[in-house]
Number of protein chains: 4
Amino acid sequence: MSDEEDLIGGGDLSSDEGSNSGNAAASRLRSFVERVERIEVVQKALAEDKKEVYAEAKGAGFDTKALRKIVSERKANADDLAEFESILDLYRHALGMI
Amino acid sequence: MSDEEDLIGGGDLSSDEGSNSGNAAASRLRSFVERVERIEVVQKALAEDKKEVYAEAKGAGFDTKALRKIVSERKANADDLAEFESILDLYRHALGMI
Amino acid sequence: MSDEEDLIGGGDLSSDEGSNSGNAAASRLRSFVERVERIEVVQKALAEDKKEVYAEAKGAGFDTKALRKIVSERKANADDLAEFESILDLYRHALGMI
Amino acid sequence: MSDEEDLIGGGDLSSDEGSNSGNAAASRLRSFVERVERIEVVQKALAEDKKEVYAEAKGAGFDTKALRKIVSERKANADDLAEFESILDLYRHALGMI
DNA sequence: CCCGGCGTTAATGCAC
DNA sequence: GTGCATTAACGCCGGG
């Protein structure tokens, strides 16, 4: 079993097991983990931005619950439009007509 | 700290740590776990029943995807009716009108 | 709108209600849909029961998150769990986490 | 229906469009909603990026479930994790699982 | 300041 | 084996 396969099969693995630069699989693993973590940093920042917008709206006297509802309904409407074209066929299928 | 509190605070606990019948907290823990598990047995059975209904419908020539869509829409319609009365007020709130 | 007509929330499902086959299909469809819905009523009740058990356990001082993990561990196959843990250790080593 | 009119999918939001205050409120509302939606567009893109990273890792032979757990472990506070594990062990002992 | 409710998101199981 | 539908977990938010 190669080093590459070790990460899956359960063999021993470390980032610096006496070798000079660690093995390739560990390096790739680290790369994947760090890419995910970098994305999550940005996600966290965006979540805070959104919270800030809602807080600002609340400060301006709007009902945040209602605001959230509107946003979600606009999203739902967009989704509905995208799928509306297939609904009639779907119902015909439901009746075994096609 | 009593045995009762041990389950929370991190003290040592076992179902028969030398005593004759185990302690009360362990007994209650077991009770909760088993109640959950009994419920989950029934849930699993119901999920299989539902699968069976869909399989039967499919055998009768119906499109199961369409069928599921219909069921979910009926559910959504029921929910919509339940919440529809509050939507207008919600929007008025959104506009800061009330 | 009567119950008969309220199959999908508006209008008749069958587009050719004068024919026998169309009505028969609609009738069978209705039967399947209602069977599913009856099952889902019970499923909903069971979900609430489970929530109630966890709430009760919480009221008794147990950590519900830990409780849920315990339940899931009892479900999981011991061998699978051990294998998964070995993969985790492998990754942790590769990242220098241990 | 123009973009201007399509605030919530049908009809004007403002019930008194002749007044200044109603229009102003609707305008501010629109602004908040659009700011939120712009953020959500980016959030959606980031979620897809993350999925892509995991898919790529899976393609490279890594166990994505383990990968996700690693990421979450790196996020979690070590002390909290240890405390939670001790609670788990407590419960496991109480149930005779270990 | 804690609590329960809710909305979102990840995980599991299923059908194809 | 891949995509999807359901289900459970998580974190945020508003109220008491």
Side-chain angles (χ1 to χ4, degrees), chain A residues 36 39-40 43-44 46-55 57-58 62-73 75-76 79 83, chain B residues 36-37 39-40 42-44 46-55 57-59 62-73 75-76 79 83 86 90 93, chain C residues 36 39-40 43-44 46-59 61 63-73 75-77 80-81 84, chain D residues 36 39-40 43-44 46-51 53-55 58-59 61 63-72 75-76 80 84:
Chain A
V36 169
I39 291 169
E40 289 186 343
Q43 283 183 318
K44 187 183 172 73
L46 286 170
E48 283 163 8
D49 288 347
K50 219 164 76 175
K51 271 181 61 178
E52 196 178 322
V53 174
Y54 279 117
K58 185 191 185 80
F62 291 103
D63 180 316
T64 58
K65 181 181 174 183
L67 222 42
R68 291 174 188 278
K69 181 81 185 166
I70 288 173
V71 170
S72 77
E73 286 201 357
K75 209 184 309 176
D79 294 347
E83 70 173 333
Chain B
V36 168
E37 287 174 342
I39 290 169
E40 289 186 343
V42 185
Q43 283 182 318
K44 188 183 172 71
L46 285 171
E48 283 163 8
D49 288 347
K50 216 165 79 175
K51 273 181 55 182
E52 196 178 321
V53 174
Y54 278 118
K58 186 191 185 75
F62 291 102
D63 180 316
T64 58
K65 180 182 174 183
L67 223 41
R68 290 175 188 277
K69 180 80 186 169
I70 288 173
V71 170
S72 77
E73 287 202 356
K75 208 184 312 176
D79 294 346
E83 71 173 331
S86 68
L90 206 52
H93 272 109
Chain C
V36 168
I39 290 170
E40 290 187 343
Q43 283 183 317
K44 188 182 171 74
L46 286 171
E48 283 163 7
D49 288 347
K50 218 165 78 175
K51 267 186 65 178
E52 196 178 323
V53 174
Y54 279 116
E56 193 179 335
K58 183 192 183 87
D63 181 317
T64 58
K65 181 180 174 183
L67 219 43
R68 289 175 188 276
K69 188 158 180 60
I70 291 289
V71 170
S72 79
E73 281 184 7
K75 257 186 302 216
N77 180 285
D80 291 348
L81 208 56
F84 182 70
Chain D
V36 169
I39 291 170
E40 289 187 344
Q43 283 183 317
K44 188 183 170 72
L46 286 171
E48 283 164 8
D49 289 347
K50 218 165 79 174
K51 267 186 64 178
V53 173
Y54 279 116
K58 182 193 184 86
D63 180 317
T64 58
K65 180 180 174 183
L67 220 42
R68 288 175 188 275
K69 189 159 180 58
I70 291 289
V71 170
S72 79
K75 257 187 302 215
D80 291 348
F84 182 70

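Computed from heavy atoms alone, side chains included, the values below leave out hydrogens, waters and symmetry copies. Chain A is the first sequence line, chain B the second, and so forth, proteins listed ahead of strands; every chain is numbered from 1.
With values rounded to the nearest 0.5 angstrom, D:L67 atom CG is found 11.0 Å from D:K58 atom NZ. Between C:I70 atom CD1 and B:E37 atom CD the span is 10.5 Å, to the nearest 0.5 Å. C:D63 contributes atom CG, which lies 10.5 Å from atom CZ of C:R68 (distance to the nearest 0.5 angstrom).
At a threshold of 4.0 angstrom between heavy atoms, the contacts of D:K58 with the nucleic acid are absent.
In this structure, B:Y54 and B:K50 have side chains that are in contact, with non-hydrogen atoms separated by less than 4.5 Å. Side-chain atoms of B:K44 and B:E40, non-hydrogen and from C-beta on, never get closer than 4.5 Å to each other.
Distance B:D63 CG to F:dA5 P: 12 Å, rounded to the nearest Å. In this entry the distance linking CG of B:L46 with P of E:dG13 reads 18 Å, nearest Å. Computed from coordinates, the D:I70 CD1 to E:dA10 C1' distance equals 17 Å when rounded to whole Å. Rounded to an integer number of Å, the gap from CD of C:E52 to C1' of E:dG4 is 15 Å. Atom CD of A:E48 is separated from atom P of F:dC13 by 10 Å (rounded to the nearest Å).
Counting all heavy atoms, side chain and backbone alike, D:L46 lies closest to A:I39 at O-CG2, 3.7 Å.
Helix-axis bend for the helix from E:dC1-F:dG16 to E:dC16-F:dG1: the local axis fitted to the five terminal pairs at one end deviates from that at the other end by 0°, rounded to 10°.
Distances shorter than 4.0 Å separate none of the side-chain N or O atoms of B:T64 from OP1 or OP2 on E:dA15.
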Give me, pair by pair, the N or O atoms of the protein and of nucleotides 8-12 of chain F that are less than 3.5 Å apart, along with how far apart they are.
from, atom 1, to, atom 2, distance (Å)
F:dA8, OP1, C:K50, NZ, 3.3
F:dA9, OP2, C:R68, NH1, 2.8

